[in-house]
Structure formats: structure tokens, C-alpha cells
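Written out below as C-alpha cells is the structure these notes cover.
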Amino acid sequence: MKNYDTLVDATNDLLKRGYTANLSLDGETIDDKEQGIQMGAEDFEIDEFYRFEGASNPDDMSIVYAVSSEKYKLKGVLVNAYGTYADDSSSAIAAKLHHQQVSDNLHGDDRPSA
């Protein structure tokens, strides 16, 4: 995986590499609102992820996911908070986003419990 200094650097590079859909987490689905697509956990893969810590701003505590879906023929970016501002969903989507590979790269209280 690449290393990026900022969330903006990561998202810009992913965009250049074809991750063009702007994805959002909406309860039990990850959505591409522009195309009207709602993906369940079985509909996508996490290709890459990058974690960012804001030393002075908790709003910067985010994970950027590069997501692809064969079913919907799309590649996109999902930005999700962790730590204090993390979503507390117990859905299959949250479980997939907090898979072991991501969890192993988080520290202490930041590590998801679900």
C-alpha cells in the first residue's frame, strides 16, 4: 500500500486511479447516491484503506477506503471516521469495514469492538 500525508492526497490519488464514485455509509448499505446504488456487505470489496490521525483536530481521525464492486461495475472512495466520531453500527457493513486487517492497524481505544 502507498503512504499518504493527508486524506486529500489519498483521495486525489485514488480518483486518478479510477476510484471515481463518491460513496457514503448509510446504515445497512454503502451508497453511490449519484447512480442510485445501494450495496450490501456482499456487494463490494475493500481494495485498500488508509488511516489518518489529526494531532490537533479530532475531525481528522478518518479511514479512507478504496472500494470496488464487480456487481455494480464501480470503484469508489468511502471516508469514515474512527475513534470518538466512528459510526456505532453493528451491521454487516460495519463488520466488513472493521475487518481484521483494518483493526490490526488501529491502536487501543480506536480499535472497533464489533
Side-chain angles (χ1 to χ4, degrees):
M1 268 195 257
K2 297 183 177 203
N3 289 317
Y4 300 102
D5 292 328
T6 68
L7 186 143
V8 172
D9 291 340
T11 55
N12 284 342
D13 186 57
L14 290 169
L15 180 66
K16 289 178 189 173
R17 294 192 286 134
Y19 290 88
T20 56
N22 183 16
L23 304 175
S24 60
L25 185 59
D26 189 13
E28 299 296 318
T29 60
I30 289 181
D31 299 348
D32 178 347
K33 294 187 190 301
E34 185 175 306
Q35 296 186 57
I37 295 172
Q38 295 180 316
M39 296 183 286
E42 68 283 353
D43 297 330
F44 69 91
E45 296 299 324
I46 299 170
D47 300 330
E48 303 172 29
F49 65 92
Y50 304 96
R51 185 178 84 122
F52 297 93
E53 294 181 18
S56 63
N57 185 352
D59 290 341
D60 292 339
M61 295 175 64
S62 300
I63 300 178
V64 175
Y65 297 95
V67 175
S68 63
S69 173
E70 282 295 318
K71 179 177 180 178
Y72 293 106
K73 306 293 186 230
L74 70 76
K75 290 169 60 174
V77 174
L78 172 69
V79 178
N80 195 23
Y82 71 90
T84 305
Y85 297 103
D87 78 85
D88 58 359
S89 172
S90 61
S91 70
I93 294 290
K96 190 163 191 171
L97 294 180
H98 298 158
H99 63 82
Q100 196 61 42
Q101 185 180 11
V102 173
S103 292
D104 287 346
N105 287 287
L106 298 178
H107 307 284
D109 294 336
D110 295 333
R111 183 171 287 141
S113 58

Run the side-chain hydrogen bond (donor to acceptor under 3.5 Å, both in side chains) test against Thr6 and tell me which residues pass, sequence neighbours left out.
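In terms of side-chain hydrogen bond (donor to acceptor under 3.5 Å, both in side chains), with neighbours along the sequence ignored, Thr6 is linked to Asp9.
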Answer whether the closest heavy-atom distance between the side chains of [X] and [Y] falls below 4.5 Å.
| X | Y | value |
| --- | --- | --- |
| Phe44 | Leu23 | no |
| Thr11 | Val64 | yes |
| Leu15 | Thr20 | yes |

| said: I'd like to know if the side chain of Ser62 reaches the main chain of Phe52, judged simply by a donor and an acceptor atom lying under 3.5 Å from each other, with no hydrogens or angles considered. | reply: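 Checked: no pair found.
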As an exercise, state the distance from [atom1] of [X] to [atom2] of [Y], rounded to the nearest 0.5 Å.
| X | Y | atom1 | atom2 | value |
| --- | --- | --- | --- | --- |
| Gln35 | Leu74 | CD | CG | 6.0 Å |
| Asp31 | Asn22 | CG | CG | 11.0 Å |
| Leu14 | Tyr50 | CG | OH | 6.0 Å |
| Glu70 | Glu45 | CD | CD | 9.0 Å |
| Ile37 | Thr29 | CD1 | OG1 | 11.5 Å |

Quiz item: Any idea which heavy atoms bring Lys75 and Arg17 closest together, and the distance?
Solution: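 That closest heavy-atom pairing would be NZ-O, 3.3 Å.
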Between Ile30 and Leu25, what is the shortest heavy-atom contact and its length?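 Closest heavy-atom pair between Ile30 and Leu25: CG1-CD1, 4.0 Å.
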Q) Under 3.5 Å, is there a donor-acceptor pair between the Asp32 and Tyr72 side chains? A)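 There is no such pair between these side chains.
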Ser24 side chain to Asp26 side chain, donor-acceptor N/O pair below 3.5 angstrom: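 Their side chains do not contain a donor-acceptor pair, so the 3.5 Å distance test is not met.
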